Amino acid sequence: MIHRILSVPRSIVKSSRLSVAKLGTLPVSFPKIRTYSSTVPANESKPYLSGNSTHFGFEQVAIDQKESLVRQVFDNVADSYDVMNDLMSGGLHRYWKDYLLEVSSVESMASAVRRTNGDLRILDVAGGTGDVAFRFVNAAGCVERAKSSGEDPVSVTVCDINHEMLRVGDVRARKRFGNSLLDDSRGLRFMQGNAQALEFEDNSFDLYTIAFGLRNVTDVDMALREANRVLKPGGRFICLEFSQVPNELLRTIYDTYSFHVIPAMGQIVAQDRESYQYLVESIRRFSNQDELVTRMKNAGFQVSRYTNLTGGIVALHEGWKSV
Amino acid sequence: MRDIPVRRAMRHSSTSTSAETTDTSDGDDESSTFGMPMRHQILRASLAQVPAYGWTRDAVAAAAAEESCSVAVAGLVDPSELVQFWMDDCRQRLQRDLAVLAETEWKSFANPNNNNATKLRDRVATALQTRLAYTIPYLQSSRWHQAMALGARPDNVWTTRLQIEQLVETVADAVTVDHGEGDKLPAWSEPQKLGLGAVYVAAELHMLADTSNDYADTWAFVRDRVQEWEQLVGVASLWPTLPNTNELAYKNTNENSNPFYVASAVASSVTSGVLSLLVPQTASSIRNGLQRHAANSYATSPAHLLWNVMVQISPAGGTGTKVDATNPRYYQATSKSSDSGAASGETK
């Protein structure tokens, strides 16, 4: 089976240059190194967009085209998205998302605000099928709270540009938590929206998370500024995203896997090679760890820093809005 | 674009002294590196909440509410950073307080004929007492043992060690400089510093179980341990012209860094600290006994027993370097010093 996948004719594997994608090489966590990247002055980075074209995977497309192209990809993959995540990452995406949950300390924040009659508003952008949001809902005890009346002071809002992904998420949520969480306590809600132009008021969220979504946004700088805008002072931005693997050996294995195995998997499981080819390529085109930190600083975040997970295949970036 | 990632193996970035931070940062200013103004603001506000909430995220969350900012700032600091921040803060406070003491209260030792000179052991004891007094608000709210436990966690123990080292440096800097004439005593050796660090830790332990009025037991404990430390590691010899210390007879400096003495100083300090924590009654009765029958009781204290053993087994120890600890005059000198120590403790 593996042999067959690896020997897919070159003609099918379009533009199979080196790339970085989801990988399930080792089910162990590499030591997490939190890195503060401060040596690059904030004003030295280039804008994410310049000229009138941008990357879509390894292709160049017009800036105004990218959004609909990305939308197309996620329309295609929505139904098989969660299955494919497990397959492609060998289950590692669960570990990465669990780490995000742990770092976010949603549990202790939720118990703090429930005790003190405060509120905790979480926004999960590009969170379509709800993987991350469900973790927050569980950790914050929103399901239990939904059994009593009134609106929950803790709310998790999933915002995604893609209706198909939101639909899948909504179905999953109702199946898992019941209707009252979504309809009565409103502890969890799904809203369609664009990360570059969020329809939320300034200073309205405590936590903004975006897991494996930022690289699909056309103008990352604009999305970061929007994140900063909707966060309350002292609010926290957390981004989980594929990044660059510094270790060469690991990178070689990883690139081979991403370019040869993942598109083939997409072909077999979801009958859609192109979309998964895009996923793999878009990872390579996205900012590396330090670049993203610089972009975050430019967008106004304080204490911007990142932690590499699984050898840098994924990086968790975080920053705080100034107080 | 320069693209030099600054790697730090430690998640807790507030320690400006950790080895990892120095070699790769190109001498970058630490304060600009970590968005310090914001972190400082949060950490400082959180300390005010520690008596109520402990050294926890809850304290940070409560501070966030006070500062009317998002509860999410709690993720900015780890509870153990709270302790480290406080320790760093205390170091600066101690520097300031000791500078004031040196200027105003301590009598110059520059003139060997000046019998009023504030003795080194008194200065050291006062300095330790000053530092210990900073923990009182946390002791009273039963939060200090939590801080100590956090500091002793394996991932923090290195930082804690560095911070105690810094504390000893601060004390050493302050007490060995004479503000009157600008004289300076020779720097302390590593074993001497180590010994004093042990005295401090022991005193902290002692303080946890201290129920006496205004921590009088602890202050007495500090004076006793500093006195032992002075004898055992031979700091006195660094000050041969010091009035009233000639009788200590530690003139042979070569012996003073003998590991035996150092080990015994460390062991005795920590042992007595732990002892006083475990059996406070015994410890305080030993001390009361000291007050009543100074000489005899001192002779039975663990440090003295240890010392006697050392003198007998150490090759160099036996020759002409005997302390007459049972000499009442010797003890009198220390009990006199206790008054000045207590007085400065109350100024906190």
Side-chain angles (χ1 to χ4, degrees), chain A residues 31-41 43-46 103-113 115-122 203-208 231-238 246 288-291 293-294 297 301-308 318-323, chain B residues 1-14 18 20-21 24-46 49 52-54 56-79 81 155:
Chain A
K32 291 181 271 295
I33 297 175
R34 181 149 303 186
T35 307
Y36 299 81
S37 173
S38 64
T39 46
V40 183
N43 54 10
E44 274 190 29
S45 72
K46 291 192 207 87
V103 163
S104 70
S105 61
V106 162
E107 191 172 353
S108 71
M109 288 197 294
S111 61
V113 300
R115 209 172 41 232
T116 58
N117 294 326
D119 68 337
L120 176 68
R121 299 197 63 203
I122 302 170
N203 311 320
S204 49
F205 289 97
D206 295 283
L207 176 65
Y208 175 115
L231 280 172
K232 295 177 192 170
R236 186 181 192 178
F237 168 87
I238 303 181
N288 70 21
Q289 285 90 333
D290 292 318
E291 269 170 38
V293 165
T294 309
K297 284 182 178 170
F301 286 107
Q302 307 286 310
V303 207
S304 301
R305 59 191 184 188
Y306 68 86
T307 311
N308 277 340
E318 58 185 329
W320 281 262
K321 182 169 177 172
S322 349
V323 185
Chain B
M1 144 159 76
R2 278 198 308 148
D3 195 35
I4 312 160
V6 184
R7 294 200 182 282
R8 284 175 175 80
M10 290 169 70
R11 178 170 171 180
H12 314 302
S13 51
S14 63
S18 71
E20 291 87 341
T21 57
T24 49
S25 62
D26 286 343
D28 267 4
D29 182 17
E30 289 286 318
S31 61
S32 66
T33 307
F34 306 122
M36 270 310 175
M38 186 168 165
R39 287 168 55 85
H40 271 198
Q41 196 180 337
I42 301 303
L43 284 163
R44 201 166 288 284
S46 308
Q49 305 293 334
Y53 296 95
T56 57
R57 278 196 200 291
D58 286 352
V60 192
E66 286 284 303
E67 301 273 299
S68 60
C69 68
S70 168
V71 67
V73 288
L76 196 55
V77 293
D78 189 86
E81 281 179 284
D155 45 339

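Values in this document were obtained by computation on a predicted structure and should not be read as measured data. In what follows, chains carry the letters A, B, and so on, assigned in the order in which the sequence lines appear, proteins first and then strands, with residues in each chain numbered from 1.
- Contact annotation: the side chain of A:Arg236 never approaches that of B:Val73 to less than 4.5 Å [non-hydrogen atoms, C-beta and beyond].
- Nearest heavy atoms, B:Arg57 versus A:Ser108: CD-OG, 3.7 Å.
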Which is it for A:Gln302 and B:Leu76 under the side chain to side chain contact (heavy atoms under 4.5 Å, CB included) test, yes or no, and what are the steps along the way? CA-CA 10 Å; A:Gln302 307 286 310; B:Leu76 196 55; over 6 Å; no
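- Proximity to chain B (any heavy atom under 4.5 Å) is restricted, for A:Arg115, to the side chain, taken from C-beta onward.
- With sequence neighbours left out, the ring-ring contact (aromatic ring centres under 6.0 Å, His included) criterion links A:Phe237 to A:Tyr208, A:Phe301.
- The backbone N or O of B:Ala72 lies less than 3.5 Å from a partner atom in the side chain of A:Trp320, making a donor-acceptor pair.
- The part of A:Val113 that comes within reach of chain B is its side chain, from C-beta onward, which places non-hydrogen atoms under 4.5 angstrom from that chain.
- Across every non-hydrogen atom of A:Gly235 and B:Ser70, the tightest pair is N-CB, 3.6 Å.
- Residue B:Ala74 does not touch chain A at all, counting heavy-atom pairs closer than 4.5 Å.
- Of the two parts of A:Ser105, only the side chain, counted from C-beta on, holds a non-hydrogen atom closer than 4.5 Å to a non-hydrogen atom of chain B.
- Summarising the geometry of A:Asp206 relative to B:Val71, their closest heavy-atom pair is OD1-N, 3.7 Å, with the distance given to 0.1 Å.
- Heavy atoms only, all atoms of each residue included: B:Arg39 and A:Arg305 are closest at NH1-NH1, 4.2 Å.
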